[in-house]
2 protein chains.
Amino acid sequence: MTRTDENVRYPLRSKRPDYAPGSGARSVQNVLGVLEGRWKLIILFELFGGRLKRFSELERAIPAISQKMLIQQLRQLERDGVVARIVHPEVPPRVEYHLTEWGQRLCPALDQLLIWAESAPDEIRQALIVPEG
Amino acid sequence: MTRTDENVRYPLRSKRPDYAPGSGARSVQNVLGVLEGRWKLIILFELFGGRLKRFSELERAIPAISQKMLIQQLRQLERDGVVARIVHPEVPPRVEYHLTEWGQRLCPALDQLLIWAESAPDEIRQALIVPEG
DNA sequence: CAGCATCCGCTACGATACTG
DNA sequence: CAGTATCGTAGCGGATGCTG
């Protein structure tokens, strides 16, 4: 068992705000927490493109991610019902990931987010450039 | 100067992935990083509702946030051109926050996110309930 | 190939106390 | 009222090595 990592659920990051407790807002915040995590969005963007993707395909598609993080984020997304995993009973093993039905419904939202991001004023895009590779 | 906190810019969480370097993807990732942070979305939702809001109004609206975090997140949002700050030269001081024009353009995206969040299957909403207050 | 296990640095976040 | 300063901590995320 890992010490801290891994299977913790943290809606909108670790301890949730007791924000409008009991109301709809609270649960919406919880649900949005599903998207938290450094690589979740990137992974989702990747899966939107190509229906089914193998673990190694995702690794190649996102060179900067470590194996640990890739698995961890995928597992959390799976646990939260956004992506699903297909294990092919073969040797060597083949595992494929894809979006669940609910996960696919994210598309419009992410599209809008992209549109917004691309509408960023030049000054802001400039300011956001982080030097050093 | 604070040790680590505060004025760090961390697109999509601290060190960005050298994901599709040079392409548009990279800068989109950077821009989306603007929304990162535990309270950013909550604050933005709050500001969508009521045009101008005072610091203390935000505090009251989001009881679980600490002063430090509220300021920090507001400052970052301000720096990134999403919210703006109006300081009224009065005693006692009055400061009001509101969305910039670009910030307002986030509305469709956040709307879609809400729609998605509310479309969560009951099983998932159930699973997301975190016990203990 | 897909994945766990483990050690570890770093930092985002929280709680508390103080100020103009 | 609207902040700043400081300290302590959880746990995210990286690197490396091992397994079926």
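Per chain, numbering begins at 1; letters A, B, ... match sequence-line order. What you see is a predicted model, and the numbers here were worked out from it, not measured in a lab.
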**Request:** List the steps, then state whether side chain to side chain contact (heavy atoms under 4.5 Å, CB included) holds for B:H98 with B:R51.
**Result:** CA-CA 6 Å; B:H98 63 101; B:R51 297 292 77 110; 5.9 Å; no

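- Within the model, atoms CZ of B:R75 and CD of B:Q72 stand 10.5 Å from one another, a figure rounded to the nearest 0.5 Å.
- When the nucleotides C:dC1, C:dG20, D:dG13 are ranked by their closest atom to the side chain of A:P93, C:dC1 comes out on top.
- Rounding to whole angstrom units, CG of residue B:L74 and P of D:dG3 are separated by 8 Å.
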**Message:** Let's go through A:L35 and B:W116 carefully: what are the C-alpha distance in whole Å and the side-chain angles of both, what is the deciding distance for side chain to side chain contact (heavy atoms under 4.5 Å, CB included) to 0.1 Å, and is it a yes or a no?
**Reply:** CA-CA 12 Å; A:L35 302 180; B:W116 175 76; 4.1 Å; yes

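- Between the C1' atom of C:dC4 and the NZ atom of A:K68 lies a distance of 11 Å, rounded to the nearest Å.
- Of the candidates C:dC1, D:dG14, D:dG3, D:dG3 carries the atom nearest the B:F55 side chain, counting heavy atoms from C-beta on.
- We find that CZ of B:R94 is positioned 17 Å from C1' of D:dG3, with the value rounded to whole Å.
- The distance from atom CZ of A:R75 to atom P of C:dA5 is 11 Å, rounded to the nearest whole Å.
- The side chain of B:Q72 approaches C:dC13 more closely than any other nucleotide in the set D:dG13, C:dC13, C:dG3.
- Rounded to an integer number of Å, the gap from A:E57 CD to C:dC1 P is 12 Å.
- The distance from atom CE of B:M69 to atom P of C:dA12 is 9 Å, rounded to the nearest whole Å.
- Side-chain N/O atoms of A:R85 include one lying less than 4.0 angstrom from OP1 or OP2 on C:dG3.
- Applying the 6.0 Å contact sphere to CD of A:E101 captures no more than 12 heavy atoms from other residues, nucleotides or ligands.
- An OP1 or OP2 oxygen of C:dA2 is reached within less than 4.0 angstrom by a side-chain nitrogen or oxygen of A:S56.
- Between A:R54 and C:dA2, a side-chain N or O to OP1/OP2 separation shorter than 4.0 Å is present.
- Hydrophobic clustering keeps B:V87 apart from B:L52 (ILVMFWY residues linked when any side-chain heavy atoms are closer than 4.5 Å, directly or through intermediates).
- For the pair A:Q67 CD and C:dC7 P, the computed distance is 19 Å after rounding to whole Å.
- Across C:dC4, C:dC13, D:dC1, the shortest atom-to-atom separation from the side chain of A:I71 is found for C:dC4.
- B:E59 comes within contact range of no nucleotide atom at all, as no heavy-atom separation falls under 4.0 Å.
- Put simply, CD on B:Q73 is 9 Å from C1' on C:dC13, counting in whole angstrom units.
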